[in-house]
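Lettering follows sequence order; numbering is per chain, from 1. Because the structure is predicted, anything quoted here is derived from the model rather than measured.
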Number of protein chains: 2
Amino acid sequence: MAVTIKDVAKIAGVAPSTVSRVIADNPRISLDTKKRVRKAMKDLGYHPNINARNLAVRSSQAIGVIMPSSADKALQNPFFPEVLRGIGSFAHETEYSLYVSTGGNEKEVYEEVQRMVNGNRVDGIILLYSRIADPIQKFLSDKKFPFVIVGKPSEQESEITYVDNDNFKASKDLTNHLIEIGHRHIAFIGGSTELTVTVDRLNGYKSAIKESDLLLPEEYMIHTEFLKSGGRDAVEQLFTLDQPPTGLVVADDLMSLGVINTLEEIGLSCPDDVSLTSFNNLYLSEITTPPPLTTVDIQIYNLGVQSARCLIEKAKNKDEPAKRIIIPYDIKFRKSTRSIL
Amino acid sequence: MAVTIKDVAKIAGVAPSTVSRVIADNPRISLDTKKRVRKAMKDLGYHPNINARNLAVRSSQAIGVIMPSSADKALQNPFFPEVLRGIGSFAHETEYSLYVSTGGNEKEVYEEVQRMVNGNRVDGIILLYSRIADPIQKFLSDKKFPFVIVGKPSEQESEITYVDNDNFKASKDLTNHLIEIGHRHIAFIGGSTELTVTVDRLNGYKSAIKESDLLLPEEYMIHTEFLKSGGRDAVEQLFTLDQPPTGLVVADDLMSLGVINTLEEIGLSCPDDVSLTSFNNLYLSEITTPPPLTTVDIQIYNLGVQSARCLIEKAKNKDEPAKRIIIPYDIKFRKSTRSIL
DNA sequence: CTGAAAGCGCTAACAT
DNA sequence: ATGTTAGCGCTTTCAG
């Protein structure tokens with residue numbers, strides 16, 4: 001049996017509650033007893049039992065992190081470990097622990113959330129994705145359980161705390177960049193339109209195209225999974241159009257790699273034949289070859305840190321107002337585009 | 001206040017202890033009362049409070065997962081989310097939760113482990129790395145706290161449960177493959193020699209080289225960080241030797257991408273000028289271009305699943321013997337090598 | 001087959 | 001400034 005607060009109390013010659021107060025660093029305890037108690041704790045190798053503490057205070061000093069459900073390879077996206085690192089860093093500072101759910105299918109993820117929330121395992125939850133009509137989001141909202149979204153909620157936007165980039169604008173910037181360097185036929189490749197991030201990036205692209213009075217045929221907007229196999233057909237289709245694009249806005253670096261790969265396979269090269277711009281600034285986008293990608297640095301790590309900060313604020317103070325945090329982005333101009341002026 | 005076991009008991013007209021037994025599906029409770037109690041639970045929306053349960057039984061139904069400490073980009077390696085997914089899958093099945101520590105610096109990681117272990121937050125720990133003289137490993141061993149390593153321990157090998165690949169043999173296979181297709185000058189690029197995985201892969205390479213009576217100059221074995229900046233110098237050095245290698249065994253796919261990139265920058269191409277073989281079979285190694293990598297599929301996901309299985313066995317039964325599980329590997333021959341016969 | 005009661009280790013009034 | 005006491009919600013003897 002581990003050493004408890006009582007053992008410490010006995011040795012230090014005080015009451016258990018006093019020990020408890022010392023742990024909490026209660027100012028009403030004399031420095032003298034504090035010292036005595038701390039020595040006793042050290043001598044005995046005392047460590048507070050979290051479960052007992054949580055039970056008594058009805059909290060857990062832990063936050064849950066929910067990855068998107070995905071049988072597929074989406075989790076191989078380094079985006080996730082990177083936000084996680086950001087979240088973990090803030091959590092560590094504030095002495096919170098991290099619970100994660102590494103989604104299998106949608107049902108499993110939902111079960112995990114239930115377990116976290118209903119079992120009192122966590123004080124709040126961070127959602128690492130945002131899709132329309134998400135049952136998990138609804139569950140959390142209904143329960144009034146503290147949560148924050150990394151990304152933008154698809155509904156009740158003003159009532160939910162979230163941290164996001166201005167994806168609309170970033171995407172517009174990217175598209176305009178392509179336009180500025182002479183491209184007139186620009187297509188968009190993104191993930192599922194169920195994801196708000198895809199929608200925002202798509203809309204930013206559209207907006208830029210329209211403002212420049214360029215063509216915006218349906219076939220120029222394609223939505224595919226990360227997977228090579230999925231993307232393959234789409235890309236082939238795109239480049240067998242009568243008027244294939246010369247510029248591409250792709251919603252994710254990992255996807256971009258797949259696209260470039262597919263392009264090569266059908267005999268096209270980037271940036272010689274097609275200019276490509278992308279999102280996320282994964283470390284990968286820099287070391288991959290060729291070419292290093294022109295991509296939007298969305299500050300993934302920082303997204304993580306801020307989401308953790310917001311969540312913990314919310315968890316500590318239930319009626320902390322909903323807030324929105326927009327993390328600035330920064331376009332890294334590299335070698336995947338070419339001026340055709 | 002949430003609904004408790006007492007509320008359920010009252011509604012069902014039984015004692016709290018009976019409800020508890022129903023939760024545990026105790027066979028000595030009549031089917032009839034079980035039904036009644038279950039109905040009451042459902043009606044009230046009852047969910048057991050994990051903390052209370054854990055406190056009573058002194059366990060947590062949670063396992064801790066420790067990532068390597070790393071200020072650098074190592075965590076951007078998709079290896080981690082992938083093992084995590086494997087671990088999570090098994091954990092979900094067995095109703096365990098996952099605690100993760102996403103290492104900042106070494107000290108922080110150590111603190112996290114302390115918190116997990118001493119605070120009774122987890123029943124066991126999975127270490128996602130193995131380095132020599134690791135204080136965390138020592139701490140866990142000394143405390144006789146259940147843990148398993150993904151990778152091979154550097155000491156006390158027979159007393160520690162671990163799941164690993166036969167990295168020595170895999171590396172030897174890779175090297176022999178290069179030899180078979182005509183290469184006579186083969187170099188090895190790996191990470192820190194503090195990591196057992198690096199050592200094993202290095203030794204496999206050495207063994208193959210020696211058995212074929214090829215040259216094994218010191219300069220042919222380089223150890224660098226994942227980072228491009230770090231790898232850069234090393235690669236440049238390697239290819240300005242009097243006798244630069246024509247074949248490369250690289251210890252990690254992500255590193256390989258960096259290497260290929262650097263090669264390109266100094267005007268060499270893979271596989272035309274240098275053949276490259278690699279490890280991990282990250283999804284990336286397939287979609288990246290050019291070329292798709294010849295790489296060892298180490299079954300990352302499965303490494304995760306098995307480690308979780310072992311750990312949970314160990315956590316449930318403290319004197320479960322230490323065991324070793326070797327996950328088979330499979331070399332994916334792709335396009336990054338070229339026969340020069 | 002079920003109930004009563006003690007206790008897991010800690011916190012938080014309430015006293016003093 | 002510190003001690004007493006009553007829980008937090010659950011499990012688990014021990015009775016019956």
Whole angstrom value for the distance that separates P of dT2(D) from NZ of K6(A): 21 Å
Sugar-phosphate, base or nothing in reach of S20(B), heavy atoms under 4.0 Å: base
Test salt bridge (Lys or Arg N to Asp or Glu O under 4.0 Å) applied to K34(B) and D25(B), step by step: CA-CA 8 Å; K34(B) 271 190 186 171; D25(B) 206 16; 2.9 Å; yes
Integer-rounded Å distance: dG9(D) C1' and L44(B) CG: 15 Å
Side chain of I29(A) (C-beta onward), nearest among dC10(C), dG3(C), dT2(D): dT2(D)
Using atom names, set out every protein N or O paired with an N or O of nucleotides 13-16 of chain C below 3.5 Å, distance rounded to 0.1 Å.
from    : atom 1 : to     : atom 2 : distance (Å)
dA13(C) : N6     : R21(A) : NH2    : 2.9

Contact summary for N51(B) and N120(A), nearest pair of heavy atoms: ND2-O, 3.3 Å
Nearest-Å distance for atom pair CD/P, residues Q61(B) and dC10(D): 15 Å
Any side-chain donor near an acceptor of the partner, S60(A) and Y99(A), under 3.5 Å: no
Side-chain N,O (T33(A)) to OP1/OP2 (dT2(D)) below 4.0 Å: yes
Nearest-angstrom distance from the residue atom CG of N51(B) to P of dC10(C): 13 Å
Residue S30(A), side-chain heavy atoms: nucleotide from dG9(C), dT2(D), dC10(D) that is nearest: dT2(D)
d(CG, N118(B); P, dG9(C)) in whole Å: 14 Å
S89(B)-Y301(B) side chain donor-acceptor pair, cut-off 3.5 Å: yes
Inter-residue atom distance I300(A).CD1 - N302(A).CG, 0.5 Å rounding: 11.0 Å
Minimum-distance nucleotide (side-chain atoms of V57(A) versus dA12(C), dT12(D), dC10(D)): dA12(C)
Atom pair distance, as rounded to whole Å: CG in N54(A) and C1' in dC8(D): 11 Å
Side chain of I23(B) (C-beta onward), nearest among dG9(D), dT4(D), dT11(D): dT11(D)
Atom-to-atom span, CG of L55(A) to P of dT11(D) - whole angstrom: 12 Å
Gap separating the CD1 atom of I327(A) from the CG atom of D164(A), nearest 0.5 angstrom: 9.0 Å
Sidechain N-carboxylate O distance under 4.0 Å for E111(A), R115(A): no
Report, one line per pair, each donor and acceptor closer than 3.5 Å where one atom sits in a side chain of residues 306-313 of chain A; sequence neighbours left out.
from    : atom 1 : to      : atom 2 : distance (Å)
Q306(A) : OE1    : R309(A) : NE     : 3.1
S307(A) : OG     : L303(A) : O      : 3.2
S307(A) : OG     : G304(A) : O      : 2.8
E313(A) : OE1    : K323(A) : NZ     : 2.6

Touch class at under 4.0 angstrom, heavy-atom based, for G119(B) against every strand present: nothing
Sugar-phosphate, base or nothing in reach of V14(A), heavy atoms under 4.0 Å: sugar-phosphate
5'-most by nearest nucleotide on DNA chain C - A56(A) or A56(B): A56(B)
Phosphate-side-chain proximity, R58(A) and dC8(D), N/O vs OP1/OP2 below 4.0 Å: no
Protein-nucleotide distance (I5(A), atom CD1; dT5(D), atom P), rounded to Å: 17 Å
